[in-house]
Amino acid sequence: MAGIPEYDFKKIEEKWSKIFAERKPASKAGGKKFYLLEMFPYPSGALHMGHMRNYTIGDTYKRFLEMKGMNVFYPMGYDAFGLPAENAAIKSGIHPREWTMKNIENMILQQKRMGLSYDWERMVITCGADYVKWNQWFFLKFLEKGLAYRKESSINWCPGCRTVLANEQVHSGKCWRCESVVESRKLEQWFFKITNYAEELLSALNELDWPAKVKSQQEHWIGKSEGVEIDFPLEEGGALKVFTTRPDTLWGATFMAISAEHTILEKIARDKKDEIGKLKASAAVQSEEEKEKFGVRLTTRAINPVNGEKIPIFAANFVLMEYGTGAIMCVPAHDKRDFAFAKKYGIPMWAVIAPEGRKPKDASLEDAYTDEGVLINSGDFSGLKSAEARKKISAALEKKGIAKIVTRWHLRDWLVSRQRYWGCPIPVVYCEKCGIVPVPEKDLPVLLPDDALFTGEGNPLDGSKTFREALCPKCGGASERETDTLDTFVDSSWYFLRYLDSKNTDKPFSREIADDWMPVNQYIGGIEHATMHLIYARFFTKALRDMGMLKAGEPFKKLLCQGMVLKDGGKMSKSKGNTVSVDDMLNEYGADTGRLFILFASPPEKDLDWSEEGVRGCSRFLTRVWKMLSLLSDSDGEKEIPEDSAKELRWMTAKTVRDVEEDLYGFRFNTAISSIQEFVNFIREMQERCGVFRGFGQSLKTVITLLHPFAPFMTSEAAEILRMDLGKFPGFSKTALERTVKEIIIEVNGKLRSKIPAGPEAEKDEIVNAALADVKVRNWTDGKEIKKTIYIPGKLLNIVTGG
RNA sequence: GCCGGAGUGAUGGAACUGGCAGACAUGCGGGUCUCAAAAACCCGUGGAGUAAAAUCCAUGUGGGUUCAAUUCCCACCUCCGGCACCA
């Protein structure tokens with residue numbers, strides 16, 4: 001072998017990124033199929049360290065699985081519609097498409113430099129005409145199946161920008177861009193009926209191998225609660241329907257509260273218009289701190305159906321119209337909110353639940369008792385426990401015909417209309433004669449017009465005549481096109497299905513291919529998508545399944561949420577000036593070092609603090625490995641070593657291979673790298689002692705192979721020099737793992753006192769005798785009674801003494 | 001307030017089903033090389049204690065279970081994340 005040049009990552013990475021780019025995904029027909037997916041990025045301009053962490057985890061895992069002989073599908077794409085592109089257009093006049101495509105180009109370049117081995121031929125870009133077409137096709141299908149519908153809804157309206165704002169664009173009640181006070185407006189909007197799937201979205205969480213954190217977040221988001229709807233008769237006639245999960249407290253209801261937007265106010269509070277108006281304003285404030293409870297007492301009273309008490313009704317600012325019936329029964333003795341309100345307005349409180357095993361406290365309540373207990377002062381139901389009472393009371397009321405057992409959900413239908421240009425157009429037209437008319441399938445896609453103006457005021461599509469004016473597909477008459485576009489979460493709800501069949505022009509994807517690969521075996525991405533994206537994609541998959549498009553009912557079988565990348569303990573941000581740019585990192589240290597550091601510094605699900613020193617450490621490690629190539633090439637043949645050392649080497653090799661493999665399967669990249677480092681330290685030590693020894697070259701090859709998924713560039717170059725194959729993950733000899741010589745730990749009363757050499761096959765008695773003869777042990781046992789001895793074969797002996 | 005997660009050297013973090021706490025790395029101290037520095041390499045590095053040992057203390061705090069607890073149980077403290085007037 002000729003002399004080995006110094007480790008020059010720039011040269012090596014340049015050379016191999018070209019080779020990697022030309023390399024077609026190998027056909028792995030025989031291998032077990034594995035769909036490995038990363039959350040695709042929004043093309044904001046350049047990738048940040050958070051992305052790189054996500055993709056490094058994925059790519060390392062992918063390369064490992066391939067070396068284990070699996071057939072891995074590993075695609076990448078771009079979530080290309082969205083607000084930032086439109087804002088860039090407003091600011092600098094560049095068209096959103098141009099801005100987006102340029103960014104994508106740059107990001108692909110960065111990903112290639114990083115050594116990410118995607119199947120680029122399957123790339124999906126959501127603003128492409130083909131993707132738009134199938135997106136719209138899904139919308140039409142949803143419409144057909146009753147999963148898409150229109151309804152009036154409140155939105156955040158900025159009077160300054162004359163546009164609708166998303167919740168996160170409202171900062172303490174003001175527009176993020178122009179600081180106008182945001183108004184609440186009613187607008188007809190499109191919705192997807194995700195609530196149809198509430199029950200399954202909740203129950204199927206059980207089958208998913210997802211972080212407990214994400215599952216519990218979704219559980220809360222869906223928010224199932226079982227209770228009763230009860231009619232409270234009104235003095236004036238008619239009734240007020242309320243929803244409660246605590247019918248066991250019914251006897252303690254001393255007032256009622258309704259939302260300021262409740263329709264009944266039209267009938268029973270016409271005289272209090274001004275006050276109700278004030279109340280509405282107060283209810284609308286989305287203050288950070290808890291709002292002061294505030295209400296307007298109505299002249300009518302309600303009658304508690306179980307005890308006939310006449311109780312006052314308030315329109316109150318703490319009652320939500322969107323949940324339940326918009327009206328509640330209030331039990332101040334057993335609910336914190338009702339308690340606060342009752343205190344303020346001097347409403348009586350009756351305790352009807354007593355903590356179990358304690359004497360009932362009465363009227364002089366310090367605070368609401370909200371736990372369960374035993375019923376008191378509740379007619380025939382007194383003495384029952386809460387849970388039982390709930391069942392019996394509900395049943396009794398239902399029998400009487402004044403109540404109904406119901407299940408309520410926090411989950412709301414998904415509002416998909418966005419008053420924006422840069423999104424997927426909703427394929428319907430409004431015809432004066434025919435009403436809402438879907439665009440026929442043959443006319444898809446409905447594409448965005450090129451003549452829209454980006455002024456920052458209103459939806460640019462409203463100003464585009466060429467887009468707005470359309471002919472009704474039904475009657476052929478003049479009609480108007482829908483100018484709302486779809487929420488970009490729609491785009492990301494099925495992109496993983498399109499990857500599988502990205503060139504299909506007849507369908508969004510073929511069922512056979514989908515059934516072959518779905519569900520995704522491993523999904524990797526940020527925790528910030530715990531509720532939105534991850535719940536929408538689940539809903540989409542279920543809806544598509546019910547439309548017969550695929551078998552799988554869940555999109556992502558296993559999920560890994562990687563932690564954030566921090567700098568100096570804080571989130572990287574431009575305003576703090578603590579960002580680390582991907583390009584700088586690549587230029588200064590190279591992709592291999594960057595990848596290694598990202599994986600080594602912290603387990604993937606934890607936050608990672610970027611440390612320049614740590615990066616340098618990883619760079620040093622790679623250089624040290626590289627130098628071993630020179631040692632080998634400069635040597636004049638491997639020297640024999642004693643059998644002891646050879647045995648130790650065989651053991652160390654087997655242990656390292658096994659540990660790295662196990663760690664990689666379990667996403668423990670940090671400990672996998674530690675193991676490789678330990679092995680390298682071991683070889684170098686032995687080399688220093690014995691020179692280039694028999695087995696040095698083989699050990700070096702093992703290191704290069706194990707390191708390949710982490711540092712693909714350097715190891716590819718090294719493999720070329722060593723004329724070795726990187727295609728297979730090494731195996732290991734189980735017999736080499738069995739160590740014959742071992743020490744046994746000797747403890748006295750649980751404290752380490754000595755170690756004695758002994759094999760795992762040694763009898764307990766032998767060990768005990770040897771231990772008791774040991775001087776260090778005798779210091780602690782002499783003159784004491786030996787109470788008992790515990791022996792863990794091959795590991796440890798604990799001698800318990802008395803006195 | 002509720003739900004989830006985490007607290008281990010100066011730092012990032014190891015310790016697999018309860019069995020040698022601190023692997024691996026960073027930083028720091030010392031050394032080799034050098035005119036000098038950087039790089040590289042070698043040695044040391046939880047705290048107290050000692051001439052060196054021995055020994056004692058130590059995984060957020062306080063209890064418990066156990067021959068044995070970073071690991072299991074109970075209570076509490078702190079930090080991070082999510083939800084938050086959902087009746």
Side-chain angles (χ1 to χ4, degrees), chain A residues 211-221 223-225 227 242-246 249 253 256-257 283 287-288 290-291 293 316-320 322-331 334-338 340-341 370 408-412 527-528 530-531 561 563-564 566 569 596-597 600-603 605-618 620-621 623-624 627 659 662-663 666 668 670-681 684-685 688 743-755 776 779 787-792 795-801:
Chain A
K213 196 182 192 176
V214 178
K215 287 210 238 183
S216 103
Q217 270 185 49
Q218 291 212 351
E219 213 179 300
H220 282 114
W221 189 263
K224 182 178 187 173
S225 62
V242 303
F243 173 69
T244 180
T245 54
R246 292 295 300 269
T249 65
M256 309 204 58
S287 72
E288 268 96 79
E290 191 152 320
K291 273 181 296 186
K293 299 246 182 307
N317 64 347
F318 71 96
V319 183
L320 302 172
E322 311 88 69
Y323 186 75
T325 61
I328 56 173
M329 67 172 210
C330 297
V331 186
H334 303 296
D335 182 283
K336 282 213 154 74
R337 298 152 298 185
D338 300 348
F341 192 87
T370 58
R408 290 275 175 188
W409 306 85
H410 292 188
L411 185 72
R412 311 277 154 82
I527 184 86
E528 65 274 18
T531 45
C561 290
M564 284 192 298
L566 311 175
L596 204 60
F597 171 73
F600 180 60
S602 177
E605 65 280 359
K606 268 197 164 187
D607 287 349
L608 178 153
D609 205 345
W610 194 265
S611 135
E612 211 70 15
E613 286 84 12
V615 177
R616 274 200 288 273
C618 289
R620 268 200 289 271
F621 171 68
T623 310
R624 276 201 293 264
K627 280 187 179 156
D659 288 356
E662 277 176 6
D663 283 349
R668 293 181 296 269
N670 54 334
T671 48
I673 294 168
S674 300
S675 291
I676 301 174
Q677 289 179 335
E678 265 180 280
F679 186 51
V680 168
N681 291 346
R684 291 174 71 237
E685 240 167 71
E688 228 153 80
E743 343 168 272
I744 306 285
I745 309 299
I746 309 298
E747 289 181 352
V748 179
N749 294 327
K751 286 198 171 159
L752 174 74
R753 294 304 178 193
S754 185
K755 296 172 185 185
K776 280 183 252 168
N779 283 336
K787 274 187 159 170
K788 65 170 154 175
T789 53
I790 295 110
Y791 179 57
I792 312 293
K795 269 190 181 168
L796 170 146
L797 175 76
N798 191 8
I799 301 166
V800 186
T801 68

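Protein chains get the first letters and strands the later ones, always in sequence-line order, with residue 1 at the start of each.
The shortest distance between the side-chain N/O atoms of A:Lys213 and the OP1/OP2 oxygens of B:G5 is not below 4.0 Å. Neither OP1 nor OP2 of B:G12 sits under 4.0 Å from any side-chain N or O of A:Asn670. Under 4.0 angstrom from either OP1 or OP2 of B:G13 there lies no side-chain N or O belonging to A:Arg668. The side chain of A:Thr671 contributes no N or O atom lying less than 4.0 Å from OP1 or OP2 of B:A14. For the OP1/OP2 pair of B:A40 and a distance below 4.0 Å, the side-chain nitrogens and oxygens of A:Thr623 include no atom meeting the criterion. Between A:Arg620 and B:A39 there is no side-chain N or O to OP1 or OP2 distance below 4.0 Å.
For the C1' atom pair drawn from B:G18 and B:G82, the interatomic distance equals 33 Å after rounding to whole Å. B:G64 sits 29 Å from B:A15 when the P atoms are compared, rounded to a whole Å. Taking the P atom of each, B:G22 and B:U70 are spaced 12 Å apart, rounded to whole Å. Nucleotides B:A36 and B:U45 are separated by 28 Å at their C1' atoms, to the nearest Å. Here, B:G19 and B:G30 have their P atoms 39 Å apart, quoted to the whole Å. Remark: the separation of the P atoms in B:C28 and B:A14 is 23 Å, to the nearest Å. B:A10 and B:G5 have their P atoms separated by 29 Å, with the value rounded to a whole Å. Comparing the C1' positions of B:A21 and B:C76 gives a spacing of 25 Å, expressed to the nearest Å.
For the pair A:Gly614 and A:Arg753, both in contact range of RNA chain B, the more 5′-proximal nearest nucleotide belongs to A:Gly614. Place A:Ala212 and A:Cys618 on RNA chain B by their nearest nucleotides, and A:Ala212 ends up nearer the 5' end.
Nucleic acid contact for A:Phe600: base, since at least one base atom lies under 4.0 Å from a heavy atom of the residue. Counting non-hydrogen atoms under 4.0 angstrom, A:Ser611 reaches nothing in the nucleic acid. At the heavy-atom level, A:Gly223 lies nowhere under 4.0 Å from the strands shown. Across all strands, A:Ser225 comes closer than 4.0 Å only to sugar-phosphate atoms, never to a base (heavy-atom distances). Within the 4.0 angstrom heavy-atom criterion, only backbone atoms of the sugar-phosphate kind lie near A:Arg624; the bases stay farther away. Residue A:Asp338 is classed as having no contact, given no heavy-atom separation below 4.0 Å to the nucleic acid. Nucleic acid contact class of A:His220 (heavy atoms, under 4.0 Å, all strands): sugar-phosphate only. Heavy atoms of A:Glu688 sit under 4.0 angstrom from primed sugar atoms or phosphate atoms, though from no base atom. No contact: A:Pro211 has no heavy atom under 4.0 Å from any strand.
Pair check for B:C24 finds B:G12; Watson-Crick or G-U wobble, both atom distances under 3.5 Å. Pair check for B:G29 finds B:C43; Watson-Crick or G-U wobble, both atom distances under 3.5 Å.
The nucleotide whose nearest atom lies closest to any side-chain atom of A:Ile745 is, among B:A25, B:A87, B:C20, B:C20. Checking B:G19, B:A87, B:A40 against the side-chain heavy atoms of A:Thr245 singles out B:A87 as nearest. Between B:A23, B:A87, B:C67, one nucleotide has an atom nearer to the side chain of A:Lys788 than all others, and that is B:C67. Comparing atom distances between the A:Ser216 side chain and each of B:C67, B:C3, B:C41 picks out B:C3 as nearest. When the nucleotides B:C20, B:A68, B:A87 are ranked by their closest atom to the side chain of A:Leu320, B:A87 comes out on top. In the set B:A68, B:A87, B:G12, the nucleotide with an atom closest to the side chain of A:His410 is B:A87.
Computed from coordinates, the A:Asp607 CG to B:G4 P distance equals 20 Å when rounded to whole Å. In this structure, the CG atom of A:Asp335 is 12 Å from the C1' atom of B:G1, given to the nearest Å. Nucleotide B:A25 holds its P atom 12 Å from the CG atom of A:Leu596, rounded to whole Å. Atom-to-atom, NZ of A:Lys751 to C1' of B:G19 comes out at 16 Å; the value is rounded to the nearest Å. One atom, CZ of A:Phe597, and another, P of B:A25, lie 15 Å apart when rounded to the nearest Å. In this structure, A:Leu608 places its CG atom 17 Å from P of B:U11, rounding to the nearest Å. A straight line from CD of A:Glu685 to C1' of B:C41 spans 13 Å, rounded to a whole angstrom. As rounded to whole Å, 18 Å separates atom P of B:A10 from atom CG of A:Asp609.
Under the 4.5 Å side-chain criterion, counting only non-hydrogen atoms from C-beta, A:Arg753 is not in contact with A:Ile746. A 4.5 Å side-chain heavy-atom check between A:Ile328 and A:Phe318 finds at least one atom pair inside the cut-off. With a 4.5 Å cut-off on side-chain heavy atoms, A:Val331 and A:Arg246 do not count as touching.
Judged by distance alone, with hydrogens and angles left aside, the side-chain atoms of A:Arg408 form no donor-acceptor pair with the main-chain N or O of A:Thr325 at under 3.5 Å.
Cation-pi geometry between A:Lys293 and A:Phe341 is not met: the NZ or CZ atom fails to fall both under 6.0 Å from the ring centre and inside 45° of the normal.
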### Task
Kindly indicate, with the supporting measurements, whether the criterion side chain to side chain contact (heavy atoms under 4.5 Å, CB included) is fulfilled by A:Phe621 and A:Asn681.
CA-CA 10 Å; A:Phe621 171 68; A:Asn681 291 346; 5.9 Å; no

### CA sep, side-chain torsions, deciding dist, call: A:Arg412, A:Tyr323, side chain to side chain contact (heavy atoms under 4.5 Å, CB included)
CA-CA 9 Å; A:Arg412 311 277 154 82; A:Tyr323 186 75; 4.1 Å; yes

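Taking CD1 of A:Ile799 as the start and OH of A:Tyr791 as the end, the distance is 12.5 Å to the nearest 0.5 Å.
The base of B:C67 does not come close enough to the side chain of A:Lys787 for any donor and acceptor atom to sit less than 3.5 Å apart. You won't find any donor-acceptor pair under 3.5 Å spanning the side chain of A:Lys336 and the base of B:C85, going by distance alone.
Within 6.0 Å of CH2 in A:Trp221 there are 12 or fewer heavy atoms belonging to other residues, nucleotides or ligands.
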